[in-house]
Amino acid sequence: MNRMKKAAVALLLVLTLASVAWAQIKKVTIKVDGLACPFCAYGLQKELKRVPGVADAKVYVDGGRVDLTVKNGQSVDFDAIEEAVKKGGYTPRDIWLEATGRVEQWNGQPAFVISDSDGKLLLAAGENLSKLSSSLADQTARSVTIAGKLQKQQPGGHHGHPHTLVIERFEVR
Amino acid sequence: MNGRLPEIEALVFWHSAKSRVAQLGYGVEIQCSRTGPSIQVVKCSDHFLLTRFLIFVLLILILLTFQSVIAVNHESPSQETKSVAASAPAFALKDIRGRTARLSDYKGKVLLINFWATWCPPCRAEMPELVKLQKQYQSGGLQIIGITLPPYQRSSVRAMSRHLRVNYPLLFGRPSVSAAYDVGEVMPTTIVVDRKGRIRDRILGILEPEEFDQKVKPLL
């Protein structure tokens with residue numbers, strides 16, 4: 001009986017750890033203009049939950065922001081998120097992201113590849129990218145968690161072309 | 001078991017929906033459900049204590065019965081609302097041209113009664129789609145009715161109607177109407193009414209194409 005209990009606890013622990021490991025996009029926050037009516041929040045939430053990869057959307061009317069939960073092992077199309085906000089009658093502003101992945105080169109530029117998904121973001125040049133590059137040295141296979149702000153697509157940019165992420169903080173494991 | 005217990009047993013039996021009298025005298029177990037409290041008896045050796053305990057239990061039962069009555073009374077309004085919701089509540093509201101529109105004016109049509117507000121961004125975002133649906137399915141018997149939730153400025157509603165070229169009636173709502181339709185704290189809310197005037201569905205938030213296909217098209 002005790003052995004069964006131990007096995008059950010071990011299985012539970014493994015499943016818990018696995019689910020944490022799969023959640024590679026930890027957080028997506030969208031700043032939204034015009035969020036003033038609590039009764040209207042459901043409309044926006046409904047639109048965002050229709051975007052593939054979005055598990056849940058929490059609307060904070062006071063903070064004028066929406067926090068998205070991304071499905072385990074999936075990425076989200078940030079253009080689709082912006083479209084959903086517009087379809088919900090609001091104006092999307094900045095999008096913040098916190099995710100785990102690895103850094104690699106994409107068309108000669110440093111890119112952040114989100115683990116266990118096809119999500120890819122170009123990394124904006126700057127002091128934090130230099131620090132990250134130094135931390136990684138030659139070990140680009142190392143897992144890194146990056147929090148930062150997505151830069152808007154340049155006018156005339158291709159749909160499906162990676163967004164650019166401006167690193168605000170990072171942690172190399 | 002002593003001679004005083006049968007009286008208590010009778011009371012206990014009165015409170016119980018099941019015939020548990022034969023088991024009385026061995027202890028007590030209380031169960032309370034929405035249908036009322038009931039008692040089940042388990043082992044107990046001290047009759048004096050048992051009697052006192054039964055009295056205590058009876059007092060609790062009286063209290064629980066009282067609470068059940070309150071709970072039932074409290075539920076009555078929502079049950080009433082549900083029965084009202086079976087058929088669409090009648091209304092008579094002014095439209096943006098000052099004419100009175102009644103629910104009975106649209107008898108025999110499939111209605112989408114869209115509760116919206118000028119100050120609700122998703123409601124405004126939804127309206128162009130509703131205009132398209134009205135145009136496409138009008139011949140099939142669809143009639144969309146927009147009811148504006150207060151507070152509103154009549155001039156703003158008229159301006160929006162012109163700007164979005166709204167092709168369905170926009171009526172100035174009253175709180176009593178939205179209450180009759182049980183419109184809660186979600187906007188927009190669209191009520192689907194069939195040709196017989198019965199409420200068939202309630203769509204919260206923007207009406208999505210697949211929701212229209214699933215919930216409205218079969219009624220046309």
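Residue numbers start from 1 in every chain, and the chains themselves are labelled A, B, ... in the order their sequence lines are given, proteins ahead of strands.
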J.: Do you know the tightest heavy-atom contact between Leu129(A) and Pro110(A)?
T.: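 So the minimum-distance heavy-atom pair works out to CD2-CG, 3.7 Å.
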J.: Tell me the closest heavy-atom pair linking Ala90(B) and Leu103(B), and the distance in Å.
T.: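 The answer is CA-CD2, 4.0 Å.
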J.: Shorter than 4.5 Å, heavy atoms on both sides: which option in Arg50(A), Gln45(A), Lys86(A) has the most such pairs with chain B?
T.: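 Looking at each option in turn, the highest pair count goes to Arg50(A).
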J.: Which pair of heavy atoms, one from Gly53(A) and one from Gln74(A), lies closest together, and at what distance?
T.: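 Taking Gly53(A) first and Gln74(A) second, the nearest heavy atoms are CA-OE1, 3.2 Å.
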J.: What heavy-atom pair brings Tyr181(B) and Pro89(B) nearest, and what distance separates the two atoms?
T.: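 That closest heavy-atom pairing would be OH-O, 2.6 Å.
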J.: Enumerate by number any residue of residues 184-191 of chain B whose heavy atoms lie under 4.5 Å from heavy atoms of chain A; in the absence of such residues, state 'none'.
T.: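 So the qualifying residues are Glu185(B), Val186(B), Met187(B).
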J.: Could you list which of residues 108-123 of chain B have a heavy atom closer than 4.5 Å to any heavy atom of chain A, in residue-number order?
T.: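 At a heavy-atom separation under 4.5 Å, chain A is reached by Trp119(B), Cys120(B), Pro121(B), Pro122(B).
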J.: Got a donor-acceptor contact below 3.5 angstrom from the Glu126(B) side chain to the Leu207(B) backbone?
T.: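 A pair under 3.5 Å: yes.
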J.: Can a donor-acceptor pair be found, under 3.5 Å and without considering hydrogens, that links the side chain of Asp201(B) to the backbone of Lys215(B)?
T.: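 Not a single qualifying donor-acceptor pair exists.
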J.: Check for a donor-acceptor pair, side chain of Gln134(B) on one end and backbone N or O of Leu142(B) on the other, with a separation under 3.5 Å.
T.: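 Looks like yes, one N/O pair under 3.5 Å.
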J.: A quick test of your reading: do over 12 heavy atoms of other residues, nucleotides or ligands sit less than 6.0 Å from CD of Glu210(B)?
T.: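 Enclosed: over 12 neighbouring heavy atoms sit under 6.0 Å from CD of Glu210(B).
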J.: Between Arg198(B) (side chain) and Ala86(B) (backbone), is there a donor-acceptor pair under 3.5 Å?
T.: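 Flag not set: sc Arg198(B) to bb Ala86(B) has no pair under 3.5 Å.
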J.: Identify the residues of residues 150-171 of chain B whose heavy atoms come closer than 4.5 Å to a heavy atom of chain A, ordered by number, or report 'none'.
T.: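 From residues 150-171 of chain B, none sit under 4.5 Å of chain A.
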J.: Under 4.5 Å, counting heavy-atom pairs only, tell me which of Ala41(A), Gly43(A), Cys40(A) racks up the most with chain B.
T.: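 Among Ala41(A), Gly43(A), Cys40(A), the one with the most close pairs to chain B is Cys40(A).
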J.: What part of Lys46(A) gets closer than 4.5 Å to chain B, counting heavy atoms only: side chain, backbone, both or neither?
T.: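 Side chain of Lys46(A) only, per the 4.5 Å heavy-atom cut-off to chain B.
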J.: Quick check: closest heavy atoms across Ala84(A) and Leu48(A), and the distance to 0.1 Å?
T.: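 The pair with the smallest heavy-atom distance is CB-CD2, 3.9 Å.
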J.: Which bit of Leu149(B) is near chain A, if near means a heavy-atom gap under 4.5 Å: side chain, backbone, both or neither?
T.: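 Contact with chain A: none, neither part.
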J.: Is any NZ, NE, NH1 or NH2 atom of the basic residue among Arg93(A) and Asp33(A) found under 4.0 Å from an Asp or Glu carboxylate oxygen of the other?
T.: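 Salt bridge flag = yes for Asp33(A) with Arg93(A).
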J.: Sequence neighbours excluded, which residues qualify as side-chain hydrogen bond (donor to acceptor under 3.5 Å, both in side chains) partners of Asp94(A)?
T.: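 side-chain hydrogen bond (donor to acceptor under 3.5 Å, both in side chains) list for Asp94(A), sorted by chain: empty.
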J.: With rounding to the nearest 0.5 Å, note down the distance linking OG1 in Thr145(A) to CZ in Phe170(A).
T.: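 One finds 11.0 Å between OG1 of Thr145(A) and CZ of Phe170(A).
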J.: Ignoring hydrogens, what is the shortest heavy-atom contact between Tyr137(B) and Leu220(B)? Give both atom names and the distance.
T.: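 Closest approach of Tyr137(B) to Leu220(B): CD2-CD1, 3.8 Å.
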J.: Could you label the plane-to-plane angle of the Phe78(A) and His163(A) rings as parallel, tilted or perpendicular, counting under 30° as parallel and over 60° as perpendicular?
T.: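 Plane angle over 60°, so perpendicular.
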